[in-house]
Amino acid sequence: MTISLSHRRGRIMVGASAAILAVAGFGIYGVTADDTDVASVNVEFILGGGSDTNGTGDNLATPGRYQGLAASSDGTVYLFTQENDGMVMWQRKPSGAIKRTSLSGLDEAQAEQAAVAPDGSVYLAADDLWRVDPRGKAVKVIDTDCKKHTPLATVISKFCTEQVTGVAVAEDGSVYIGDQVIWGDDASYVHKVDGDSIELMAGRPPKAGESYELSNPAVKNGINPDPGTKATDVLVSDNLNSGWLAMDGEGLYWRNGPGIVRINHDSTLSPFVTAESPEEITEAESPFAGMGRARDAEIRRNVSDATRGDLAVIPGRSEVYYSDGGAKYKPTKEGAFRWRGIVSDSQEKLLDESGNGKAVYQVAGGKLAPVIAGVQALATSADSLYIAVESESGNDRDNPENWNTAVLRVKLPAKKEH
């Protein structure tokens with residue numbers, strides 16, 4: 001998103017020096033460490049952050065590298081980590097009960113997005129599409145190890161895509177994926193998966209010699225659609241920054257490079273975040289403070305060390321949350337966006353050693369607001385926002401034993417009536 005996160009107005013150019021300035025702007029915006037009235041975002045560790053891998057409650061550590069995060073509508077949180085002996089699925093119930101399950105059939109697969117099905121299984125969009133059942137058994141639903149791209153196929157056995165980056169599951173168990181071709185006929189799509197059947201929901205392949213510029217109405221309508229635009233008539237070409245999904249009663253939200261559109265129930269597209277006038281977006285002054293119209297916002301291309309993108313919705317609050325990886329941020333304990341709610345030495349140590357993450361933004365009632373920075377990933381339940389962070393200690397980055405991951409719940413302000 002072309003947003004400056006300090007006092008001065010203007011745009012941040014994607015690059016190393018700009019990323020450092022953005023971190024400073026987000027972390028120390030014009031307040032002192034003692035100013036706690038508006039200058040903070042309140043968080044609560046709900047999984048990990050402790051000092052004991054066999055502990056319980058606040059004392060539990062969840063070791064390993066971050067691999068995926070999801071939450072069900074009832075507030076059960078699923079965290080996937082990579083340990084030396086393989087991948088692990090952690091479950092945290094609303095009651096606080098925690099369960100650790102070793103996965104079988106899946107190892108070293110970092111999910112760009114994950115979603116929970118009504119039967120308790122979790123789908124992971126990790127290049128391929130995986131389904132992990134409650135016992136930890138993983139099955140590959142879509143295999144991207146194929147030769148000829150066939151995005152218009154109607155059966156899984158004949159379907160071929162290059163990457164699955166997004167996944168959402170409806171209340172009835174229907175599975176939707178965001179997928180893309182990144183070599184050759186570059187394009188991003190949304191498909192619905194039902195058993196061995198697969199149906200194209202949005203996007204189309206490029207025609208021979210077709211332009212990928214915004215002057216092409218099919219490209220423009222993929223970011224800022226005209227009324228009545230059919231979802232299968234648009235060409236989404238920014239595939240390395242597209243494909244993440246979220247769903248509520250209004251429809252299916254789809255990240256398309258610099259913007260987000262909603263696929264409506266009648267298969268047309270509605271604009272949501274459209275990069276109409278990025279210069280009209282004001283600076284991020286404090287958590288949940290308004291910045292302007294969401295339609296004017298522009299999501300920047302990813303330069304973060306974290307996963308590329310996130311998109312989630314809180315149906316009970318009619319709020320959409322997305323991440324912007326256009327600059328690198330670390331969790332901060334100072335400044336306007338400092339994290340409050342760290343209650344133990346081990347939690348403080350985890351944040352001190354945390355890796356780079358992304359900024360998270362809220363869209364509510366058509367308005368844009370900043371939320372938090374330094375996040376690996378986000379997920380939502382019916383009424384809560386969750387974030388993941390990971391930390392590194394030691395000199396061997398390839399050793400999962402030197403990493404810890406934790407999940408926190410972000411305290412949201414009272415719901416606004418629009």
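Computation of the quantities below employed the complete heavy-atom set of this structure, encompassing side-chain atoms and omitting hydrogens, waters and symmetry-equivalent molecules.
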With sequence neighbours excluded, tell me which residues meet salt bridge (Lys or Arg N to Asp or Glu O under 4.0 Å) with Asp128.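 By the salt bridge (Lys or Arg N to Asp or Glu O under 4.0 Å) rule, Asp128 matches Lys140.
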
[X] vs [Y] side-chain heavy atoms within contact, under 4.5 Å:
X	Y	result
Asp310	Lys358	yes
Thr101	Gln91	yes
Tyr212	Leu235	yes
Pro258	Asp238	yes
Ile182	Gln163	yes
Pro94	Thr76	yes
Tyr66	Thr307	yes
Arg131	Val122	no

Go through the steps to decide whether Val88 and Phe80 satisfy the test side-chain contact (heavy atoms from CB on, under 4.5 Å), and finish with yes or no. CA-CA 6 Å; Val88 170; Phe80 294 83; over 6 Å; no

[X] side chain to [Y] main-chain N or O, any donor-acceptor pair under 3.5 Å?
X	Y	value
Ser391	Leu351	no
Asp179	Val164	no
Glu44	Gly341	no
Glu280	Arg293	no
Thr144	Cys160	no
Thr380	Ala312	no
Gln347	Ile342	no
Arg317	Ile314	no
Trp339	Ala373	yes
Asn264	Ser267	no

Give a yes or no on this: more than 12 heavy atoms of other residues, nucleotides or ligands lie within 6.0 Å of atom [atom1] of [X].
X	atom1	answer
Asp345	CG	no
Asp85	CG	no
Asp58	CG	no
Lys220	NZ	yes

Working to the nearest 0.5 Å, report the span between [atom1] of [X] and [atom2] of [Y].
X	Y	atom1	atom2	answer
Glu199	Thr232	CD	OG1	10.0 Å
Leu106	Trp130	CG	CH2	5.0 Å
Met247	Leu311	CE	CG	11.5 Å
Ile387	Leu408	CD1	CG	5.0 Å
Leu79	Gln67	CG	CD	9.5 Å

Run the ring pair (Phe, Tyr, Trp, His ring centres under 6.0 Å) test against Tyr176 and tell me which residues pass, sequence neighbours left out.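 Once residues adjacent in sequence are excluded, Tyr176 has no partner under the ring pair (Phe, Tyr, Trp, His ring centres under 6.0 Å) criterion.
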
Run the numbers on Asp74 and Ser72 for side chain to side chain donor-acceptor pair (under 3.5 Å), then give the verdict. CA-CA 5 Å; Asp74 70 354; Ser72 63; 2.4 Å; yes

Would Ile263 and Val190 count as a side-chain contact (heavy atoms from CB on, under 4.5 Å) if you check the C-alpha gap in whole Å, the side-chain angles of each, and the deciding distance to 0.1 Å? CA-CA 10 Å; Ile263 305 172; Val190 177; 4.0 Å; yes

Please give me the minimum heavy-atom distance between [X] and [Y], naming the atom from each residue.
X	Y	result
Pro315	Ser381	CD-O, 3.9 Å
Gly357	Ala306	CA-CB, 4.2 Å
Ser323	Arg255	O-NH1, 4.1 Å
Leu245	Ala168	CB-CB, 4.0 Å
Ser393	Lys349	CB-NZ, 4.4 Å

So, is the end of the Arg65 side chain (NZ or CZ) under 6.0 Å from the ring centre of Trp403 and within 45° of the ring's axis?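 Yes, cation above the ring, under 6.0 Å and within 45°.
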
Quick check, are the ring centers of Tyr253 and Phe272 under 6.0 angstrom apart?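 Yes, ring centres under 6.0 Å apart.
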
Start with the C-alpha distance between Asn84 and Glu401, add both sets of side-chain angles, then the distance that settles side chain to side chain donor-acceptor pair (under 3.5 Å), and finish with yes or no. CA-CA 7 Å; Asn84 275 336; Glu401 290 184 354; 3.0 Å; yes

Assess the side chains of Asp107 and Gln82: does a donor N or O sit below 3.5 Å from an acceptor N or O?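 Side-chain D/A pair, Asp107 to Gln82: present.
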
Considering the options Val371, Val360, Leu368, which one meets the side chain to side chain contact (heavy atoms under 4.5 Å, CB included) requirement together with Tyr322?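 Answer after filtering Val371, Val360, Leu368: Leu368.
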
Among Asn241, Ile260, Asn256, find the residue that satisfies the side chain to side chain contact (heavy atoms under 4.5 Å, CB included) test when tested with Ile299.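 Testing each of Asn241, Ile260, Asn256 against Ile299, the sole residue satisfying side chain to side chain contact (heavy atoms under 4.5 Å, CB included) is Ile260.
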
Charged N-O contact under 4.0 Å between Glu83 and Arg100: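 Answer for the salt bridge query: yes.
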
Would Ile46 and Arg409 count as a side-chain contact (heavy atoms from CB on, under 4.5 Å) here? Give the steps. CA-CA 7 Å; Ile46 65 167; Arg409 179 165 42 217; 3.7 Å; yes

